[in-house]
Q: 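Take this structure, written in structure tokens, and hold onto it; I'll ask about it next.
By convention in this document, chain letters (A, B, ...) are assigned in the order of the sequence lines, proteins followed by strands, and residues within each chain are numbered from 1.
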Amino acid sequence: MIDNPYSTAVLAWYERNARDLPWRADGASPWSVLVSEVMLQQTPVVRVLPAWEAWMRRWPTPADLAAEPSGEAVRMWNRLGYPRRALNLHACARTITERHGGEVPDDHAELLALPGIGAYTAAAVASFAYGQRHAVLDTNVRRVLARAVTGVQYPPKAATRGETALAEELLPENAPTAVRWSVAVMELGALVCTARSPACADCPIADRCAWRAAGYPAYDGPPRRGQRYAGTDRQVRGRLLAVLRASPGPVDKPALDAVWDDPVQRERALDALIADGLVDPLDDGRYALPG
DNA sequence: AACACGTGGGA
DNA sequence: TTCCCAAGTGT
């Protein structure tokens, strides 16, 4: 049975080229899949691998993490980036423990209600942890579909209804096949149909690729300006949190003041971290990771 | 609907 | 060096 014009070739390619990632192993728990998906939000696989191993070794179940203060999750997060994801995971663990009997929910809507779990992650966990049929639309899938089907170099900056409709239309009917298709397209985007230099010679669907057929027209949309980092509040927040993570206990204000010259920006960043729940201001004037 | 939100590696 | 990008989410 042919589900879409690409499925046979893509599934066969995945069969031979899938990476051996631990969260794809047969025995991988739903919790371990959820943790991997959150860590992989905007963070490359190679950097997630060791962090995931350490995290799962320390907190094999949601209850294990729920029993700890949130600051331990932030500390364990180390330099993965976007540390509020650590807070989200901790909050997920508490909710799962208190309201879902300690089991990661298998219902898409319940997953979506968890903190830090959006459209992509809910679909990914329902698919990869529970074998359900959902359109999984991440940056890899969006790029592959933009090229192979739509014939353009890059998808729009934000996912559109049209992209979601297309992904659902291409999704195989049979649930296990749909799951396989989803992970296979993601893998194709990650390994072959990459953003900068796609390896079209290795692509199983190059002969049906609309972008290739059109002669690889260059992206012509509005300039996609990257976000600057140096000098931003984000950089200051990063430095502040690095000091807290490196210290086994609370730190004095001067230790934090030392990371950035501009006091206005420094205070603004610290206040924001406190508001976000990533830093705890103690009564004695010192600061700590949240308890 | 833009924008904020970390970090590091490759070209 | 600078810029782009990496399994996004929340506001």
Q: Looking only at side-chain atoms of A:T121, point me to the closest of C:dA7, B:dG6, C:dT9.
A: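 Nearest to the side chain of A:T121 among the choices is C:dT9.
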Q: Rounded off to whole Å, could you give me the CZ-to-P distance for the A:R268 and B:dA4 pair?
A: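 After rounding, the gap between these two atoms is 11 Å.
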Q: Starting at CG of A:L80 and ending at P of B:dG8, how long is that distance when rounded to a whole Å?
A: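 Going from A:L80 (CG) to B:dG8 (P), I get 10 Å.
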Q: Given atom NE2 of A:H134 and atom C1' of C:dA7, what is their separation to the nearest angstrom?
A: 17 Å
Q: Can you tell me how far C1' of B:dC3 sits from CG of A:D233, to the nearest Å?
A: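 A:D233 atom CG is separated from B:dC3 atom C1' by 13 Å.
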Q: Rounding to an integer number of angstrom, what distance separates C:dA7 and B:dG10 when you compare their P atoms?
A: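 These two P atoms come out 15 Å apart once rounded.
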Q: Base, sugar-phosphate, or nothing: which does A:A119 touch, judged by heavy atoms less than 4.0 Å apart?
A: sugar-phosphate
Q: Identify, between A:A272 and A:R79, the residue whose nearest nucleotide on DNA chain B lies closer to the 5' end.
A: A:A272
Q: When all nucleic acid strands are considered with a 4.0 Å heavy-atom cut-off, which category describes A:W77: base, sugar-phosphate, or nothing?
A: nothing
Q: Could you check how far CG of A:L241 sits from P of B:dT7, rounded to whole Å?
A: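 So the two atoms are 7 Å apart, to the nearest Å.
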Q: Between B:dG6 and C:dT1, how many Å separate the two P atoms, rounded to a whole number?
A: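 So the two P atoms sit 24 Å from each other.
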Q: If you check every side-chain atom of A:N140, which of B:dA4, C:dA7, B:dG6 has the closest atom?
A: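 Comparing B:dA4, C:dA7, B:dG6 against the side chain of A:N140, the answer is C:dA7.
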Q: Determine: side-chain N/O of A:Y82 to OP1/OP2 of B:dT7, distance under 4.0 Å, yes or no.
A: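 No.
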Q: Between P on C:dT9 and CG on A:L114, what's the gap in Å once rounded to a whole number?
A: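 After rounding, the gap between these two atoms is 12 Å.
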Q: When the aromatic ring centroids of A:W31 and A:W59 are compared, is their separation below 6.0 Å?
A: no
Q: Among B:dG6, C:dC4, C:dG8, which is the nearest nucleotide to the side chain of A:R196?
A: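 In terms of side-chain proximity for A:R196, the closest of B:dG6, C:dC4, C:dG8 is C:dC4.
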Q: How long is the line joining CD1 of A:I117 and P of C:dG8, in whole Å?
A: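 My rounded result for the distance is 13 Å.
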Q: Classify the nucleic acid contact of A:L278 as base, sugar-phosphate or nothing, counting any heavy atom under 4.0 Å across all strands shown.
A: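 Contact class for A:L278: none.
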Q: May I ask you to say what A:A124 touches in the nucleic acid, namely base, sugar-phosphate or nothing, with a heavy-atom cut-off under 4.0 Å?
A: nothing
Q: Ignoring backbone atoms, test whether A:R228 places a side-chain nitrogen or oxygen under 4.0 Å from the OP1 or OP2 oxygen of B:dC5.
A: no
Q: Considering every strand and a 4.0 Å limit on heavy-atom distances, what is the contact class for A:G118: base, sugar-phosphate, or nothing?
A: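 The residue A:G118 makes sugar-phosphate contact but no base contact.
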Q: Under 4.0 Å, counting only non-hydrogen atoms across every strand here, what does A:Y154 touch: a base, just sugar-phosphate, or nothing?
A: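 Sugar-phosphate only.
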Q: Using a cut-off of 4.0 Å on non-hydrogen atoms, how would the nucleic acid contact of A:R143 be classed: base, sugar-phosphate, or nothing?
A: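 Touches sugar-phosphate only.
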Q: Between B:dG6 and A:R239, is there an OP1 or OP2 to side-chain N/O distance shorter than 4.0 Å?
A: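 For B:dG6, OP1/OP2 do not have a side-chain N/O of A:R239 under 4.0 Å.
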Q: Could you identify which residues of residues 37-60 of chain A place a heavy atom less than 4.0 Å from some atom of DNA chain B, listed by residue number, or say none?
A: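 Residues of residues 37-60 of chain A under 4.0 Å from DNA chain B: A:Q42, A:T43, A:R47.
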Q: Using atom C1' of each nucleotide, how far apart are C:dA6 and B:dA1 to the nearest Å?
A: 23 Å
